[in-house]
Amino acid sequence: MPELPEVETVRRGLQPVMEGARITKVEQRRADLRFPFPAGFSDRLNGRYITALARRAKYLLVHLDDGAVLISHLGMSGSFRIEEGGVSARPGAFQHPRSKEERHDHVVFHLERRETGLARVIYNDPRRFGFMALAEAADLQSHPLLAGLGVEPTGNALDGALLAGLLAGKRAPLKAALMDQRVVAGLGNIYVCEALWRAGLSPRRTAASLAGTGGRATERSKRLAEAIRIVINEAVAAGGSSLRDYVQADGSLGYFQHRFNVYDRAGEPCRKEGCSGIIRRIVQGGRSTFHCPVCQR
DNA sequence: ACTACTCCCTGCCAGC
DNA sequence: TGCTGGCAGGGAGTAG
């Protein structure tokens, strides 16, 4: 499911429910998701207070009062939902038949809160590409899952010069390089396609073509860095993208999908002003890439 | 150190 | 109605 904007939206949805709450019980309904749960997973969480909900790249980070950190990745199809007072927080329109919904509920966090009482936060993941791990806050940044991650595209760190340096020497297609979490952390298939369109750059051009010393390369890397930041920030502001039946933790839908310029628009006209191109779907690295062959060069 | 490719898993949809 | 194949927001592992 989620790229950075969706994970950030999940984080914001869970924050008011989880921060400050005590975990009274963790129901772990299977031994593994993509990977086995760490040994003693639920025991380590039981009784702990949640001090903060954070995010790094596509990872959700649940900080606990004893210095432990629950690292959660949603894979392709993971989602959290909140249930309070025994009733789902999801609006009726998205209510699946109970049995179908619950079949892929893999972890249930039972929470107790001073002000607002009991709640459950439920992790559901049909494809089980998601996973959970435990770390210590003191060495969170050096944890194997997080250590190699690249620059966050939110914030001010990502600029043309930095991006050019990251892409230098790479003969891979620009699309593939941007999908690599060690370069820019948190981008996925949708937002890479959207950012390349916004920057007017072909997904097939080599990554290194943005890293040269010439004025052209400098101008391209600057354009792309700006495009990435704008697309990601706009998507976060829109609450992410809701494909298929994906909903946020509080049951509402993101709406960035209505602003896609290329993703899933094969055969439709390019929306760039003055461009007469038709959006095409190609396959790179086994994944769909959507682009305009006319204005993306 | 790169790059390319396969695989993990379930659900959904188009086409027959 | 089925069935089949292809596709899906990710990324680890392996081989070259």
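Below, all heavy atoms of this structure are taken into account, side chains as well, without hydrogens, waters or symmetry copies.
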May I ask you to say what Arg128(A) touches in the nucleic acid, namely base, sugar-phosphate or nothing, with a heavy-atom cut-off under 4.0 Å?
sugar-phosphate
Base, sugar-phosphate, or nothing for Gly286(A), non-hydrogen atoms under 4.0 angstrom?
nothing
dT3(B) versus dG9(C) - spacing of their C1' atoms, nearest Å:
23 Å
Using the P atom as the reference point in each nucleotide, state the distance between dC3(C) and dC9(B) in Å, no decimals.
23 Å
Atom pairs under 3.5 Å, N or O on each side, protein against nucleotides 3-5 of chain B: can you list them with distances?
{"from": "dT3(B)", "atom 1": "OP1", "to": "Arg171(A)", "atom 2": "N", "distance (Å)": "2.7"}
{"from": "dT3(B)", "atom 1": "OP1", "to": "Ala172(A)", "atom 2": "N", "distance (Å)": "2.8"}

At under 4.0 Å, does any side-chain N or O of [X] touch on OP1 or OP2 of [N]?
X         : N       : answer
Tyr263(A) : dG9(C)  : yes
Ser288(A) : dA8(C)  : yes
His73(A)  : dG10(C) : no
Lys58(A)  : dG9(C)  : no
Arg287(A) : dG11(C) : no
Gln181(A) : dG10(C) : no

[X] and [Y] ion-paired at < 4.0 Å:
X         : Y         : value
Arg113(A) : Glu84(A)  : yes
Arg34(A)  : Asp125(A) : no
Arg11(A)  : Glu8(A)   : yes
Arg198(A) : Glu194(A) : no
Glu234(A) : Arg259(A) : yes

Within this structure, what is the [atom1]-to-[atom2] distance between [X] and [N], rounded to whole angstrom?
X         : N       : atom1 : atom2 : value
Asp32(A)  : dT10(B) : CG    : P     : 11 Å
Leu187(A) : dG9(C)  : CG    : C1'   : 12 Å
Arg281(A) : dA14(B) : CZ    : C1'   : 14 Å
Leu33(A)  : dG11(C) : CG    : C1'   : 15 Å
Phe129(A) : dC7(C)  : CZ    : C1'   : 12 Å
His104(A) : dC8(B)  : NE2   : P     : 18 Å
Gln257(A) : dG9(C)  : CD    : C1'   : 12 Å
Arg56(A)  : dG10(C) : CZ    : P     : 16 Å

Listed once per pair and sorted, the side chain to side chain donor-acceptor pair (under 3.5 Å) pairs that draw on residues 133-156 of chain A, sequence neighbours left out
Arg44(A)-Glu136(A), Arg55(A)-Glu152(A), Arg56(A)-Glu152(A), Asn156(A)-Arg229(A)
Applying the Watson-Crick and G-U criteria (both distances under 3.5 angstrom) with [ ] for crossing and | for other-strand pairs, one obtains for DNA chain C .|||||||.|||||||
With 3.5 Å as the limit, what N/O pairs link the protein to nucleotides 13-16 of chain C?
none

Contact nearer the 5' end of DNA chain C, comparing Phe131(A) with Arg127(A):
Arg127(A)
Do Phe129(A) and Phe35(A) belong together in a cluster built from hydrophobic side chains that touch within less than 4.5 Å?
no
With the side chain defined as heavy atoms from C-beta on, Arg34(A) is closest, among dG11(B), dG9(C), dA12(C), to dA12(C)
By side chain to side chain donor-acceptor pair (under 3.5 Å), Asp32(A) pairs with (sequence neighbours left out) Arg30(A)
Surrounding CZ of Arg171(A) (heavy atoms of other residues, nucleotides or ligands, distance under 6.0 Å), is the total greater than 12?
no
Is Arg280(A) atom CZ crowded by more than 12 heavy atoms from other residues, nucleotides or ligands, each under 6.0 Å away?
no
Do Glu219(A) and Lys222(A) come within less than 4.5 Å of each other through their side chains, counting heavy atoms only?
no
Parallel, tilted or perpendicular: which one describes the rings of His73(A) and Tyr59(A), with boundaries at 30° and 60°?
perpendicular
Enumerate donor-acceptor pairs with a distance under 3.5 Å from any side-chain N or O in residues 159-166 of chain A to protein atoms, sequence neighbours excluded.
{"from": "Asp159(A)", "atom 1": "OD1", "to": "Ala161(A)", "atom 2": "N", "distance (Å)": "3.3"}
{"from": "Asp159(A)", "atom 1": "OD1", "to": "Leu162(A)", "atom 2": "N", "distance (Å)": "2.9"}

